[in-house]
Structures are given as structure tokens and as C-alpha cells.
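Encoded as C-alpha cells, the structure appears first; notes follow it.
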Amino acid sequence: MGPHLARAVSSSSVQPNQLLPPTIPAIQAAPAHQTSMQAFTDAILTALAAETGLARDDLNLETPRNPELGDFAFPCFPLAKTLRKAPPIIAQGLAEGLTQRLEGIEVQATGPYLNFRIDRPSLAKSVIESILAAGATYGHSNQGAGKTIVIDLSSPNIAKPMSVGHLRSTVIGAAIQRLHDALGYTTVGINHIGDWGSQFGKLVAALDRWGGDVDLDNDPIPTLLKLYVRYHEEEEGDPSLKEAAAEAFRELESGVDGPVRAVWRKMTTLSLKEFDRVYKRLGVTFNEVRGEAFYETYLEPTVQRIVDSGITEVSEGALVVSLKQFGENLPPCILRKTDGTTLYATRDLAAVFHRWELYSFERCLYVVGGDQRLHFRQLKHVLDRMGLDWEPRMEHIDFGMVRLPEGKMSTRAGKVVFLQDVLDEASRRATEIIMEKNADLPDPQAVGEMVGVGAVVFNDLKRERVKDIAFTWEEVLAFEGDTGPYVQYTHARLASIRRKVEAAGEGSGQCDFAAVAEESTLILELGRFPAVLVRAAADAEPSLLTQYLLGLCRMINSWVARSRVLGQEAGVTSARLALANSCKAVVGNGLGLLGVPAPEEM
RNA sequence: GCGCCCGUAGCUCAGCUGGAUAGAGCACCGGACUUCUAAUCCGACGGUCCCAGGUUCGAGUCCUGGCGGGCGCACCA
């Protein structure tokens with residue numbers, strides 16, 4: 001079980017504005033063992049360094065496209081210049097010396113490449129044993145020990161239902177957090193709730209005017225949404241509404257704890273309660289759930305601090321930081337409007353200062369849509385102008401928009417797909433399929449929820465973050481091919497194999513690793529898992545993991561279709577079971593990090 | 001108008017931070033369930049890697065300029 005699951009507090013028990021401790025890395029963090037694969041690559045690199053006289057860090061191994069050629073390859077092109085020889089000659093020349101230095105690794109020069117092939121049985125033994133020894137922590141490490149990663153994720157606006165668009169920040173952010181947890185970082189997941197701003201003036205004013213007609217306690221969010229839309233519409237013909245909304249926000253921001261604030265507080269509480277139901281289904285928890293309102297008391301000091309740094313100016317009545325030096329057409333960052341109230345940017349600056357002071361983070365990742373690139377660029381430029389050297393640690397982890405085939409989603413215009421509906425439908429469809437395919441399964445509803453929600457989550461994490469997604473029901477409800485259920489199914493089959501073999505009393509003897517030695521592409525892929533996690537975390541790119549799992553499962557299913565575990569010679573069954581269990585561990589760990597449930601049966 | 005992001009098979013996407021013959025899934029076609037889950041597997045089909053230059057021993061990958069799509073451009077969040 002990953003450290004992230006050890007987080008003591010779930011969002012469902014969190015009150016707004018409550019400060020909670022960050023996650024603490026597990027005491028018996030993943031063993032600092034060198035992964036099996038690194039042992040081999042290290043040996044090769046050391047030998048190469050010795051043979052060429054070059055620094056190890058300058059040498060790079062790659063994987064041959066064609067696995068027949070070898071397990072690892074070293075292209076000799078870069079050496080051609082310094083050695084003044086043709087790459088194939090160099091490869092030829094190095095091969096002999098390397099062969100002598102490397103035991104159990106075959107070296108072959110193929111044209112300009114040096115190809116390395118690890119002795120099959122030792123590869124199988126080494127990788128499988130190291131996976132089974134690490135179990136649920138295989139791929140984990142403590143490389144991030146002592147470093148804190150702050151992740152700003154999900155961040156819905158209260159009084160609005162979550163759309164499929166909100167899923168992305170939540171699911172991508174949560175995966176990034178789990179990846180860092182697995183690598184031993186201390187992580188702080190912050191849900192920065194949008195509960196502040198002039199839009200809430202409108203809502204308060206709307207409730208003030210028509211609140212008597214509606215029942216807020218029952219189905220609060222759609223009710224609030226309707227009020228908001230109505231206010232927007234009627235505002236056109238009645239300018240007094242606009243003034244009433246502005247007045248309400250001014251009162252809200254003035255800090256007076258009067259009726260306006262009471263209404264606002266009620267909206268917030270009701271909305272958070274609704275959101276928690278979705279978070280629970282997604283298996284997402286936060287270390288801090290904080291509204292923008294939390295930073296209320298930090299706004300003045302923040303503005304003052306920026307003013308004191310001498311970079312502000314008054315332009316057209318507003319207090320701004322000019323960013324002209326970063327681009328002629330770059331708009332300034334506005335800290336305070338003409339009427340004295342603050343903006344989104346002001347609150348985000350207050351938040352990032354607060355986070356820096358609290359955590360001295362290694363990175364502070366904002367998992368926010370790509371439509372806000374300019375906003376984050378501006379914030380970073382402000383930090384830069386203030387001369388803060390930690391500015392590069394603030395990163396906008398942007399992602400593509402979810403669009404409908406007919407265009408951009410708009411809650412106000414009713415062109416929107418609600419997350420709740422997607423999860424419900426996916427869960428229902430999955431349950432239906434289960435009852436049809438696996439009638440004996442005890443709790444089809446529960447498993448259907450795992451598979452349905454898993455499909456939706458996996459689908460969102462499948463492609464590169466920055467790519468836009470055109471929402472189609474057909475795609476989120478796909479359960480075959482490159483989908484979450486495909487990976488879950490692979491896991492369930494492996495679990496089934498283990499159950500059957502154990503029930504038959506087989507597979508407990510000595511492993512004959514030669515029996516699985518030829519599955520080297522699969523085994524090499526299993527060995528790559530730790531490196532995938534490292535890269536996915538560094539790039540804040542969960543799709544590296546989803547894509548890896550899809551490829552791995554293709555190999556696994558192909559192998560399972562070809563070889564049978566049960567009923568072989570004892571050493572063979574044991575070895576195959578060990579391989580199956582290794583596969584199950586990797587798939588299970590991978591799914592866990594993505595936040596996709598890994599059912600034992602489906 | 002300016003800026004940022006994206007452009008790979010009919011569709012949705014990979015392509016390991018410049019390397020060997022560009023790979024999957026979906027769709028379509030053909031095959032495999034008396035044996036550990038057929039949400040699977042095996043096979044066939046499918047490509048001017050948007051276009052034009054440039055850098056390099058080598059470019060889908062880097063640079064420049066176009067084209068197409070998306071997003072954004074001071075008192076919204």
C-alpha cells in the first residue's frame with residue numbers, strides 16, 4: 001500500500017479553511033534497493049566507461065527497436081569524431097574488450113551499434129525475484145526524501161456542478177501526487193476551492209432576491225446554478241442587479257460577518273458536501289481543502305509586500321505590475337481593481353507566498369487547464385520581478401481542454417456534460433456487462449463501479465496532458481482495447497491464475513527460471529517500471545504510466561494466451577506463477593498510482 | 001492583429017528528451033473458447049509523420065517561415 005493511502009485525513013472529514021499536516025513519508029519507505037534492471041545497465045555503463053575512457057554520465061544506453069538485436073544498445077556515432085574512426089569499426093573494436101569485462105552479458109557489434117544481451121535465465125531470476133521481494137512497493141524509492149512537493153489540484157468553483165472538464169485536474173493532479181509519494185517525497189495536495197470573487201456577489205444577490213422560492217438543502221448545486229443563470233439573464237434588462245451583485249461582493253470582501261457572509265458560508269458548505277461524494281468515488285483525498293477566502297487576511301500583506309518591492313504602478317486607476325519587459329504585448333498583472341477589490345491573481349500570489357513560507361517546496365505544481373497559461377506566466381513574471389529565486393519552482397502543469405464535438409463547454413449555456421452523469425452511466429454499463437459475462441460474481445454493483453469509474457479515470461489519463469479531448473460517450477464508455485478495463489481485466493486474470501494454482505496446491509516449489517527465460521521482452525518491460533515512475537513524476541505526466549501499462553498488458557495477455565501455468569512440471573509451474581505474480585504486482589501498483597481500482601475478479 | 005499550445009494510418013493516440021525497418025487501439029476483413037476470465041489472443045488491411053527550407057554522419061523528434069485547428073490577450077475566475 002502506497003504512502004498516499006496512509007494519509008490520515010480524507011476530504012470528507014475536512015472543513016473549509018482547515019489546516020492539515022502534509023503527508024509523512026512512510027517510515028519503512030521503499031527499500032533503497034537498486035532495481036534489478038539498474039544492476040545490469042550499471043554494469044554495462046561501467047564497462048563502457050572503462051573501455052572508452054569516457055565519463056559514465058556521458059554515455060547513454062537505448063533500447064533497440066527490434067528486440068532480436070539485444071536488450072540494450074549503445075550507438076557508436078558520437079565516438080566517431082573523437083576517435084576519428086568509422087562507427088562500425090569502433091563498435092567492432094569495443095566489442096572484444098567489453099565481452100571480457102561483462103559476465104553474463106553478451107556483447108555484439110551490429111554495424112554502428114553495440115548490442116547487449118543479458119543471459120536469459122539470470123535476467124528472469126533477477127527481475128522476478130526483485131519484484132516479488134518488493135511486492136506492493138516495487139518501483140517505489142526514497143529519492144525524494146526530505147523534499148516537499150505542493151500540488152494544487154481539482155479546484156472546482158462552489159455552486160457549480162463538476163463537469164467532465166473538472167475531472168482532468170482532479171485525476172491528473174492526484175496521480176502526480178501518488179507518483180511523488182511513491183518516490184518518497186513529502187506531498188501536499190491542496191484543493192484550492194473557487195469560493196471568492198464577484199460571481200459570488202451575484203449568487204448572494206440572487207439568493208437574497210429569490211431565495212425564498214427554492215429549497216437549497218435538497219439538491220443544492222443545481223438549484224444554485226439555476227439561480228446564477230437566471231441572474232445572468234435578468235441582469236441584461238435590469239442594471240440594478242449588476243449593482244446589487246457588486247455591492248454584495250464588496251460586503252463579502254469587507255470582512256463584515258453579516259447576512260451576506262452567512263449566505264456565502266451556507267453555499268460553500270453545501271457545495272463541498274456535494275463535491276466530497278465525487279471525490280470519494282474517485283478515491284481522491286486532499287491534505288488541505290482551502291477556499292480562496294482563506295487568503296483573505298493575507299491579501300493586504302501580499303499587496304504591501306509587492307508594493308514594497310518597488311515594482312507596482314497605478315495604471316488606469318488600478319494597481320498593477322507591468323510585465324512589458326517580458327513581452328511588448330504582455331498585459332500587466334492587476335493586483336487591485338479601481339474599486340479597491342482584489343482579483344484572482346492577487347489571491348494566487350497570496351497563496352503561493354503562503355505555501356512557500358509553510359513548505360519551502362521543491363516544486364509547487366498547479367494542475368490547471370491550458371486556458372490559464374497566460375495567468376500563470378504573469379504570476380511567475382511577478383515573482384521574477386520581485387527577485388525571488390524560487391520562482392522556477394512554481395510550475396503550471398497545464399492540460400488540454402475537454403470539448404464537446406459541437407464546441408466549448410459552457411455551464412451557463414447548458415452545453416455541458418456533468419461528471420456525476422458520466423460516472424453513473426459508466427458504472428451502470430460496466431455492471432451490466434459483468435452480470436452478462438460473469439454471472440457468479442458476488443457483488444456486481446461494487447465491481448461495476450470499480451470498472452466503470454476506472455474506465456473514465458484511465459481514459460482521462462491516457463493521452464499526453466496537453467492534448468485537447470473531444471468528449472464522446474462512445475469513448476468514455478469503451479471497455480475494450482486501450483482502456484482502463486483492459487488493464488483491470490489483465491489484473492483480474494492474473495489474480496485468477498494465482499487463485500487456481502494455489503487452490504491446486506501447485507507453484508510453491510523451486511522455480512526453474514529457464515522455463516520463463518524466453519519471455520525476455522515481457523521481463524525487460526517489467527524491469528522498466530521503476531524508471532517509468534521516475535520519469536512520469538519528473539515530467540508530471542501520468543500518461544507515461546498509462547501508456548506503459550497498456551503496452552505491458554498487451555505483452556502479458558499475449559503470454560497468458562500462449563502458456564499455461566497450471567499443471568506443468570513443478571519447477572515450470574512455479575516459475576510461471578512467479579512471472580504471473582510479478583506481472584500482477586506491476587499492473588496492480590501501476591493502477592494504484594493512477595487511482596484506478598485493480599479488481600481481483602471482474 | 002499579437003502571443004501560447006497542438007498537427008503521425010479513415011478515427012483516437014504512442015514513438016523512450018536526435019539513432020537501426022515509424023508502432024498500438026478503434027473501425028473493416030479472416031481465424032482461435034471441452035483446458036488458469038474471449039472485456040482476451042492470432043492474422044490481414046491501413047503512412048507525402050501538415051507544407052517548405054535549414055542544422056546534422058543521421059530529423060516524426062531541433063531551428064526558421066508558412067498552413068490548419070484550439071486557447072488566450074488589464075480591472076471575470
Side-chain angles (χ1 to χ4, degrees), chain A residues 60 62-66 69 73 75 77-78 80-81 86-87 110-113 115 155 157 194 196-199 292 315-320 327-339 341-345 347-348 369-375 377-378 398 400-401 403 408 430 433-434 437-438 441 451 455 462-464 466-470 472 474-475 478-483 485-490 492-501 503-504 528 531-532 535 539 543-544 547-548 550-551 553-554 557-567 576-577 580 601-602:
Chain A
N60 223 342
E62 44 190 65
T63 323
R65 209 172 273 281
N66 178 357
L69 291 168
F77 304 98
K81 258 188 212 128
T110 316
Y113 290 86
N115 289 316
S155 311
N157 289 332
W196 208 243
S198 41
Q199 55 173 317
E292 290 181 278
S315 169
E316 295 171 34
L319 183 68
V320 309
E328 203 40 52
N329 296 318
L330 203 61
C333 180
I334 302 181
L335 300 176
R336 212 197 279 288
K337 293 192 269 191
T338 312
D339 74 356
T341 53
T342 59
L343 293 97
Y344 188 42
R347 297 189 282 275
D348 256 345
D371 54 346
Q372 291 188 36
R373 284 186 186 109
L374 178 59
H375 169 71
R377 209 148 58 94
Q378 288 179 309
D398 58 346
M401 305 277 89
R403 303 163 40 77
K408 199 178 177 179
I433 294 174
I434 288 166
K437 294 187 185 242
N438 195 350
L441 201 61
V451 175
K462 195 163 72 172
R463 62 219 108 195
E464 214 186 345
V466 297
K467 295 228 159 81
D468 286 350
I469 297 180
T472 62
E474 193 191 352
E475 192 179 88
F479 296 156
E480 290 173 17
D482 282 354
T483 65
Y486 173 73
V487 179
Q488 292 175 314
Y489 178 73
T490 308
R493 282 183 84 175
L494 292 166
S496 172
I497 290 175
R498 168 147 80 187
R499 279 193 305 270
K500 296 259 159 83
V501 173
R528 217 164 64 80
V532 171
R535 176 110 190 267
D539 294 358
S543 73
L544 292 172
Q547 292 293 337
Y548 165 83
L550 287 170
C553 287
R554 234 173 273 136
N557 282 314
S558 175
W559 170 64
V560 167
R562 279 194 324 267
S563 2
R564 204 176 151 70
V565 179
L566 204 54
R576 287 185 179 170
L577 179 64
E601 279 182 274
M602 67 184 263

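Any value given below was found using the heavy atoms of this structure, including those in side chains, with hydrogens, waters and symmetry copies removed. Since the structure is predicted, the reported quantities are computational estimates derived from the model, not experimental observations. Each chain gets a letter, A, B and so on, in the order its sequence line appears, and its residues count up from 1.
Distance from the side chain of A/Arg347 is smallest for B/A77 among the nucleotides B/A39, B/A77, B/G72. Listed candidates were B/G7, B/A77, B/G70. Nearest to the side chain of A/Lys467 is B/G7. Closest approach to the A/Tyr489 side chain among B/A77, B/G70, B/A38 is made by B/A38 (side chain taken as heavy atoms from C-beta onward). Among B/A74, B/C73, B/A20, the nucleotide with an atom closest to any side-chain atom of A/Glu316 is B/A74. Listed nucleotides: B/C71, B/C16, B/G70. Nearest to the side chain of A/Arg535: B/C16. Here B/A38 is the nucleotide among B/A20, B/A38, B/G70 with the atom lying nearest to any side-chain atom of A/Arg493. Nearest nucleotide to the A/Arg463 side chain, out of B/A14, B/U40, B/C5: B/A14. Closest approach to the A/Arg65 side chain among B/G3, B/G23, B/C73 is made by B/G23 (side chain taken as heavy atoms from C-beta onward). Among the nucleotides B/U12, B/C36, B/C71, the one closest to any side-chain atom of A/Lys408 is B/C71. In this structure, of B/C57, B/A74, B/C16, it is B/A74 that holds the atom nearest to the side chain of A/Pro332.
Look at B/C33: its glycosidic torsion is within 90° of 0, and that puts it in the syn range.
Base contact: A/Ala73 has a heavy atom under 4.0 Å from a base atom. Heavy atoms of A/Gln488 sit nowhere under 4.0 angstrom from any nucleic acid atom.
Of all the heavy atoms in A/Arg554 and A/Asp482, the pair that sits closest is NH2-OD1, 3.4 Å.
With RNA chain B read from its 5' end, the first of the two nearest nucleotides for A/Phe77 and A/Gly317 is the one closest to A/Phe77. Both A/Leu69 and A/Thr338 sit near RNA chain B, but only A/Leu69 has its closest nucleotide nearer the 5' end.
Put simply, the side chain of A/Val560 does not reach to within 4.5 Å of the side chain of A/Thr490, judged on heavy atoms. No side-chain heavy atom of A/Val501 sits less than 4.5 Å from a side-chain heavy atom of A/Arg576. Counting heavy atoms from C-beta on, the side chains of A/Phe479 and A/Gln488 never come closer than 4.5 Å.
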Protein proximity profile, nucleotides 25-33 of chain B - base contact B, sugar-phosphate-only contact S, no contact -, cut-off 4.0 Å on heavy atoms: SS-------
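As the counterpart of B/G1, B/C73 is assigned, both hydrogen-bonding distances of the Watson-Crick or G-U wobble pattern falling under 3.5 Å.
A salt bridge does not link A/Lys408 with A/Asp468: none of the charged nitrogens is closer than 4.0 Å to a carboxylate oxygen.
Close to B/A38, at under 4.0 Å from its OP1 or OP2, lies no side-chain N or O of A/Tyr486.
Atoms CG and CD, from A/Asn115 and A/Glu62 in turn, are 9.5 Å apart once rounded to the nearest 0.5 Å.
Here B/A39 presents its P atom at 9 Å from CD1 of A/Ile433, a figure rounded to the nearest Å.
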